[in-house]
Amino acid sequence: MSTEKKWFSLDLGKKEEASSSCGCGKSGGCGSHKEDDTSKPDGFDQVFDVPMSRRSAFKKLTASLMIGAGAVQTACSVTSGDEAKEKSQIEWEEQFKGNYKLMTEDEKQATVNRLVRSYELRKGDKISMSSKDAEPDVLFGYAFNISKCQGYMDCVSACVKENNQDRKSEMQYIRIHEMKDGKGFKFDEADDNYYHEVPAAGHFYMGTQCFHCDNPPCVEVCPVQATWREKDGLVVVDYDWCVGCRYCMAACPYDGRRFNWSTPEVPADEVNENQHYLGNRLRKKGVMEKCTFCVQRSRAGKNPACVDACPTGARVFGNLLDPNSTIRWVIENKKVFRLKEDLGTEPKFWYYMD
């Protein structure tokens with residue numbers, strides 16, 4: 001299979017330019033928007049850059065104003081002083097912040113500062129939160145060596161800890177599928193919750209997670225632009241903008257999305273304090289979560305936690321645009337394949353065997 005077709009199809013230069021001119025979040029642009037087109041259908045308005053009817057807009061503004069008014073009233077009634085007022089001010093400002101994708105750099109830093117301060121006021125502890133953007137000339141890719149994976153699940157445990165996932169519901173972004181030899185890749189027959197010594201005779205193991213598609217269907221269906229594809233190829237989520245409709249979950253052909261049915265519970269002494277706004281910061285109830293290739297690590301020049309935790313070296317991560325990277329060597333020298341390539345999603349996640 002031609003490797004040139006596989007990774008050079010991920011050249012993002014033209015796609016990013018087209019997408020940014022439209023602003024709809026669709027890869028390559030949707031062709032239905034114009035930069036200077038200010039015409040709108042009757043009864044149509046925008047609040048916080050999200051299309052909605054005037055009635056919906058009025059309801060949203062009214063709800064936010066009532067919450068804000070309550071916060072101010074609470075601040076005035078509490079005698080604890082400056083900290084209570086500061087907390088109320090933070091809550092008020094958070095109500096009116098825009099979509100992270102559309103924020104200026106100053107606005108991004110301001111919302112990060114608010115979240116850091118809010119955590120300090122609520123928990124009495126400090127966290128470090130980044131808003132670091134994608135580096136130029138970087139396109140992240142991932143490869144999984146099926147012949148090396150032994151099903152130990154160290155990757156799953158590391159992912160849970162690194163990304164502050166809910167302990168009560170045992171949420172997991174990564175799944176390891178135990179499959180029978182000679183049966184092919186039949187996920188409906190795989191055991192994803194095996195409780196026995198591994199590796200089991202007559203079986204092989206295969207991991208799945210978010211594949212960070214170049215043409216992600218989850219982005220296409222999001223009604224509020226709460227999920228999008230970054231310049232370095234990471235598909236991310238603005239948890240504060242997500243409305244929990246789960247359209248992205250239904251659209252993903254790789255079972256890469258997770259819905260948060262309750263507020264994540266992470267013991268205070270287990271919270272990973274090294275966070276990214278678009279990654280492992282603590283989430284609220286009722287939003288979508290997913291693997292971000294550990295954006296808080298990958299944009300700092302580190303491997304995702306699952307890669308470093310794998311005891312057999314089955315996982316490879318790196319910059320697809322770097323001709324000297326290990327990920328490029330794997331794609332160019334191994335017989336690689338991707339799941340459901342016929343869908344045209346262009347996942348940046350390859351499988352291979354020794």
Side-chain angles (χ1 to χ4, degrees), residues 10 12 25 27 100-101 134 138-144 149 153 155-166 171-177 185 187 192 206-222 225-239 242 244-260 264 276-281 283 287-299 302-310 314-320 327 337-341 343-351:
L10 299 176
L12 307 183
S27 179
Y100 188 85
K101 178 184 178 182
V138 172
L139 181 65
F140 290 122
Y142 205 113
F144 187 97
C149 181
M153 289 198 179
C155 53
V156 177
S157 298
C159 177
V160 169
K161 294 177 181 178
E162 174 68 29
N163 291 291
N164 292 320
Q165 293 172 39
D166 183 26
M171 179 178 287
Q172 298 175 356
Y173 297 165
I174 298 174
R175 298 200 195 284
I176 303 296
H177 311 275
F185 305 116
F187 290 96
D192 299 344
M206 188 172 180
T208 58
Q209 56 204 73
C210 174
F211 291 164
H212 296 273
C213 302
D214 189 44
N215 185 29
C218 55
V219 170
E220 300 290 332
V221 300
C222 181
Q225 297 187 47
T227 184
W228 64 91
R229 182 186 161 286
E230 294 269 280
K231 291 181 179 179
D232 54 7
L234 300 183
V235 178
V236 296
V237 181
D238 185 338
Y239 309 117
C242 175
C245 66
R246 287 174 284 164
Y247 288 177
C248 59
M249 191 177 192
C252 177
Y254 305 110
D255 187 31
R257 297 268 176 159
R258 305 286 180 265
F259 183 68
N260 217 327
H276 192 286
Y277 184 90
L278 295 173
N280 62 337
R281 68 183 174 98
R283 277 77 68 189
V287 299
M288 298 306 305
E289 299 185 27
K290 58 184 284 298
C291 156
T292 64
F293 282 169
C294 288
V295 59
Q296 67 279 0
R297 293 171 60 94
S298 56
R299 287 189 179 171
K302 302 177 181 178
N303 283 324
C306 56
V307 175
D308 284 348
C310 180
R315 293 172 174 269
V316 176
F317 179 80
N319 181 9
L320 293 166
I327 186 73
F337 67 92
R338 297 181 292 186
L339 293 180
K340 302 182 181 181
E341 286 196 281
L343 298 179
T345 56
E346 296 287 351
K348 290 188 288 298
F349 198 106
W350 287 263
Y351 293 94

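The structure displayed is predicted, hence computed values, not measured ones.
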- Item | Heavy-atom side-chain proximity of Cys242 to Asp238 below 4.5 angstrom | no
- Task: For Met249, check side-chain contact (heavy atoms from CB on, under 4.5 Å) against everything at least two apart and list the hits.
- Result: Arg246, Arg257, Phe259, Met288
- Across all chains, not counting sequence neighbours, the side chain to side chain donor-acceptor pair (under 3.5 Å) partners of Gln172 are none
- Passes salt bridge (Lys or Arg N to Asp or Glu O under 4.0 Å), Arg229 versus Asp214? Steps please. CA-CA 8 Å; Arg229 182 186 161 286; Asp214 189 44; 3.1 Å; yes
- Residue among Gln209, Glu289, Gln165 satisfying side chain to side chain donor-acceptor pair (under 3.5 Å) with Tyr173: Glu289
- Can you tell me if Asn164 uses its side chain to pair, donor with acceptor, with the backbone of Asn280 under 3.5 Å? yes
- Rounded to the nearest 0.5 Å, the CZ atom of Phe185 sits from the CG atom of Leu339 at a distance of 7.5 Å
- Query: Hey, is the main chain of Glu346 close enough, under 3.5 Å, to the side chain of Asn215 for a donor-acceptor pair?
  - Reply: no
- Task: Could you tell me which residues satisfy ring-ring contact (aromatic ring centres under 6.0 Å, His included) with Tyr254, sequence neighbours excluded, listed by chain and number?
- Result: Phe211
- Query: Does any non-hydrogen side-chain atom of Tyr247 lie less than 4.5 Å from one of Cys222?
  - Reply: no
- CD1/Ile176 to OG1/Thr208 distance, rounded to the nearest 0.5 angstrom? 7.5 Å
- Task: Using the side-chain contact (heavy atoms from CB on, under 4.5 Å) rule, take Met171 and Val160 through it: C-alpha gap first, then chi angles, then the decisive distance, then the call.
- Result: CA-CA 8 Å; Met171 179 178 287; Val160 169; over 6 Å; no
- Item | Distance, nearest 0.5 Å, that separates CD1 of Ile174 from SG of Cys291 | 6.5 Å
- Report yes if the side chains of Arg299 and Glu230 come closer than 4.5 Å at any heavy-atom pair, otherwise no. yes
- Sequence-distant partners of Arg258, side chain to side chain donor-acceptor pair (under 3.5 Å), two or more places apart: none
- Item | With Tyr277 via ring-ring contact (aromatic ring centres under 6.0 Å, His included) - residues at least two apart | Tyr100
- When rounded to the nearest 0.5 angstrom, what is the spacing between SG in Cys294 and CG in Asn163? 4.5 Å
- Does some side-chain heavy atom of Lys348 sit less than 4.5 Å from a side-chain heavy atom of Leu320? yes
- Query: Heavy atoms, side chains only, cut-off 4.5 Å: are Ser298 and Leu234 in contact?
  - Reply: yes
- What distance separates Arg281 CZ from Tyr239 OH, expressed to the nearest 0.5 Å? 7.0 Å
- Here the pair of heavy atoms bringing Val235 nearest to Val219 is CG1-CG2, 4.2 Å
- Task: Only one of Arg315, Lys302, Arg297 passes side chain to side chain donor-acceptor pair (under 3.5 Å) with Asp308; say which it is.
- Result: Arg297
- Message: For the aromatic rings, using the six-membered ring if either is Trp, is the centroid distance between His212 and Phe293 under 6.0 Å?
- Response: yes
- Under the side-chain contact (heavy atoms from CB on, under 4.5 Å) criterion, do Tyr351 and Met206 qualify, and how do the steps go? CA-CA 9 Å; Tyr351 293 94; Met206 188 172 180; 3.6 Å; yes
- What closest approach, in Å, do Pro253 and Pro217 show between heavy atoms, and which atom pair accounts for it? CD-CG, 3.8 Å
- Does some side-chain heavy atom of Leu139 sit less than 4.5 Å from a side-chain heavy atom of Asp232? no
- Task: Any chance you could measure Phe349, atom CZ, to Phe144, atom CZ, to the nearest 0.5 Å?
- Result: 6.5 Å
- Message: Please find the pair of heavy atoms, one from Tyr142 and one from Ile327, that lie closest to each other, and give the distance.
- Response: C-CD1, 3.5 Å
- Query: With sequence neighbours excluded, what pairs up with Ala250 under the side-chain contact (heavy atoms from CB on, under 4.5 Å) test?
  - Reply: none
